[in-house]
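Residue numbers start from 1 in every chain, and the chains themselves are labelled A, B, ... in the order their sequence lines are given, proteins ahead of strands. Predicted, not measured: the structure shown is a model, and the values here were computed from it.
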Number of protein chains: 2
Amino acid sequence: MTAKITVEPSQKRQQAKQLREQQLLILAQQILQQDGFAGLTMDRLTALSSVSKGTIYNHFCSKEDLFTALSVDSLQRQLQLFQRALQIPGHSREQVLALHLAYHRFSMTEPTLFLCLLTATTPAVVEKSSPARLALRQQLELQLAAICQQLITAAIAEGSLQLAAGQSVDALAFVQWAQAFGANALLKPTQQLGLFSQLQPQPTMLLGVNLLLDGLNWKPLSSDWDYHASWQRIMTILATEAPGADGQLN
Amino acid sequence: MTAKITVEPSQKRQQAKQLREQQLLILAQQILQQDGFAGLTMDRLTALSSVSKGTIYNHFCSKEDLFTALSVDSLQRQLQLFQRALQIPGHSREQVLALHLAYHRFSMTEPTLFLCLLTATTPAVVEKSSPARLALRQQLELQLAAICQQLITAAIAEGSLQLAAGQSVDALAFVQWAQAFGANALLKPTQQLGLFSQLQPQPTMLLGVNLLLDGLNWKPLSSDWDYHASWQRIMTILATEAPGADGQLN
DNA sequence: ACCTGAACACCGTTCAAGT
DNA sequence: ACCTGAACACCGTTCAAGT
């Protein structure tokens, strides 16, 4: 599977190409932010970039492939945020909370990227994306899932969590993921939803996590620990840590 | 706001128009099922229908509006399924389970409609849909949410559930909804997700619901009741009840 | 080997003409 | 008042020519 046949002369070209691809993706994001999803056309992307149409199609096999590429970008950023969140001191349940918070913060501070992730889930996009790019996305999703699984495994080893019958590390990771994805997807792009618009996002998010983890009997239970305080603590750390880290030139 | 100005002479025309719209939506679904999302074009829809392009645009202001209309259809079907699920006898937690199961079954038996719902969440679709249709969708979502809230309220009245500090009926309904939406969205369209593909959908779904409700201390707890049996019971009822109910001519 | 942009083709949308 | 479908316009995609 790994290609050792490739020699190194073209190494630099490859790097330059990848850099240009990154610039195109940043440009696409800016267009999306300013003009909405209807405002992103290949013509506009070409006009605002320094390359020609043909070259853009050299990077992305279709407009949909561009969206999948943006979703890969989105997952990479998420992975960075997860790794930072794991550095925050605290017991295992607080670390789970940190992951949820990092995810939620991401969906709020970078709505465009999050919406790209949502869009890239759509069959219309999947159908017309390149297999290579879809594989890349899957690989990143696996890395994110692995982080969740490690946390769960560590909590079991440490004794704050015990698996009951019918539970598995994979299943627990999935349930967490589903909860986080669903809540963020419902909260962010649909502020017009009359009923849920009166809910405060952050306490609701915290409630969801607490219910799941209490249901698992993951210690310490929310009745024995002030997770609202944990949430605040983690949030201030995440907020001060990543002010102008990299990438986004707003 | 309510228009009483309209008189009744054109009542029949309106009904006929709505019937035709329904036929167009069924046709669109068939095209999606057979040829995928990339295969649905306004040309094809016109060719396979009995009306002209102009008439189709008389119904839907854009292709995106058509997707929103399909999502409205999807929500109507869901509403029906929810109402049926509520008829199933059982205590309040079993009724919650019945709703989750109905939703899950829907996403599995009608993947196309479910994917329309997902697609219609996308900003590209929202941006180009008619405000009237978006309002219709929101209204249906409110009806669905109301069902969830009623169930929660009833459980509180009955004594099997007590609201703790920081909990509200709205917040609990939201958390359930997020869980269900996230889990179904992650399960159905992404069977290619290496990690989660080895999970069995139904036990995982049940686990998620049990964790949330146990976390709420909603009686009877999963340790005191065989919810696997409940799940099976509810599923057989749902499966036998709705074989060829209406609409879908497969 | 890679880039270019004019040309192409498809498809969403409109509108003058018809009934 | 509503339907029609040819015409239009936009935009995604390609490819012969250039470097």
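Within the shown strands, D/dT4 is the pairing partner of C/dA16 under the Watson-Crick or G-U definition, both distances less than 3.5 Å. Searching all strands for a Watson-Crick or G-U wobble partner of C/dC11 with both distances below 3.5 Å returns nothing.
Note that OG1 of A/Thr204 is 4.5 Å distant from CG of A/Leu199, once rounded to the nearest 0.5 Å. Atom CG of A/Leu212 is separated from atom CG of A/Leu172 by 9.5 Å, given to the nearest 0.5 angstrom.
Computed from coordinates, the A/Asp43 CG to C/dA6 P distance equals 12 Å when rounded to whole Å. If you take CZ of B/Arg44 and P of D/dG5, they are 19 Å apart, rounded to a whole angstrom. In this entry the distance linking CZ of B/Phe60 with C1' of C/dG12 reads 15 Å, nearest Å. In this entry the distance linking NZ of B/Lys63 with C1' of D/dG12 reads 13 Å, nearest Å. Atom CG of B/Leu45 is separated from atom P of C/dG12 by 10 Å (rounded to the nearest Å). Per the geometry, CZ belonging to B/Phe67 stands 13 Å off C1' belonging to C/dG12, to the nearest Å. Nucleotide D/dT13 holds its C1' atom 12 Å from the CD1 atom of A/Ile56, rounded to whole Å. Whole-Å rounding puts the B/Glu64 CD to C/dT13 P distance at 6 Å.
Separation of the A/Phe37 and A/Phe67 ring centroids falls under the 6.0 Å cut-off.
Side-chain nitrogen and oxygen atoms of B/Asn58 include at least one within less than 4.0 Å of the OP1 or OP2 phosphate oxygen of D/dC3. Between D/dT13 and A/Lys128, a contact under 4.0 Å exists linking OP1 or OP2 to a side-chain N or O. In terms of phosphate contacts, B/Arg20 brings a side-chain nitrogen or oxygen within less than 4.0 Å of OP1 or OP2 of D/dC3.
Comparing C/dG12, C/dT4, C/dG5 by their closest approach to the side chain of A/Lys53 singles out C/dG5. Of all nucleotides listed (C/dG12, D/dT13, C/dC3), C/dG12 comes nearest to the side chain of B/Thr41. The side chain of A/Tyr57 has D/dT14 as its nearest neighbour among C/dT13, D/dT14, D/dT4. Taking only side-chain atoms of B/Thr55, from C-beta outward, the nucleotide of C/dC3, D/dT4, C/dT13 with the closest atom is D/dT4.
Mapping A/Gly54 and A/Met42 onto DNA chain D by nearest heavy atom places A/Met42 at the nucleotide closer to the 5' end. Toward the 5′ end of DNA chain D lies the nearest nucleotide of B/Lys17, the other residue of the pair A/Ala38 and B/Lys17 mapping further downstream.
At least one donor-acceptor pair under 3.5 Å links the side chain of A/Arg137 to the backbone N or O of A/Ala120.
Nucleic acid contact class of B/Ser62 (heavy atoms, under 4.0 Å, all strands): sugar-phosphate only.
Using cut-offs of 30° and 60° for the angle between ring planes, the A/Phe181 and A/Phe114 rings count as tilted.
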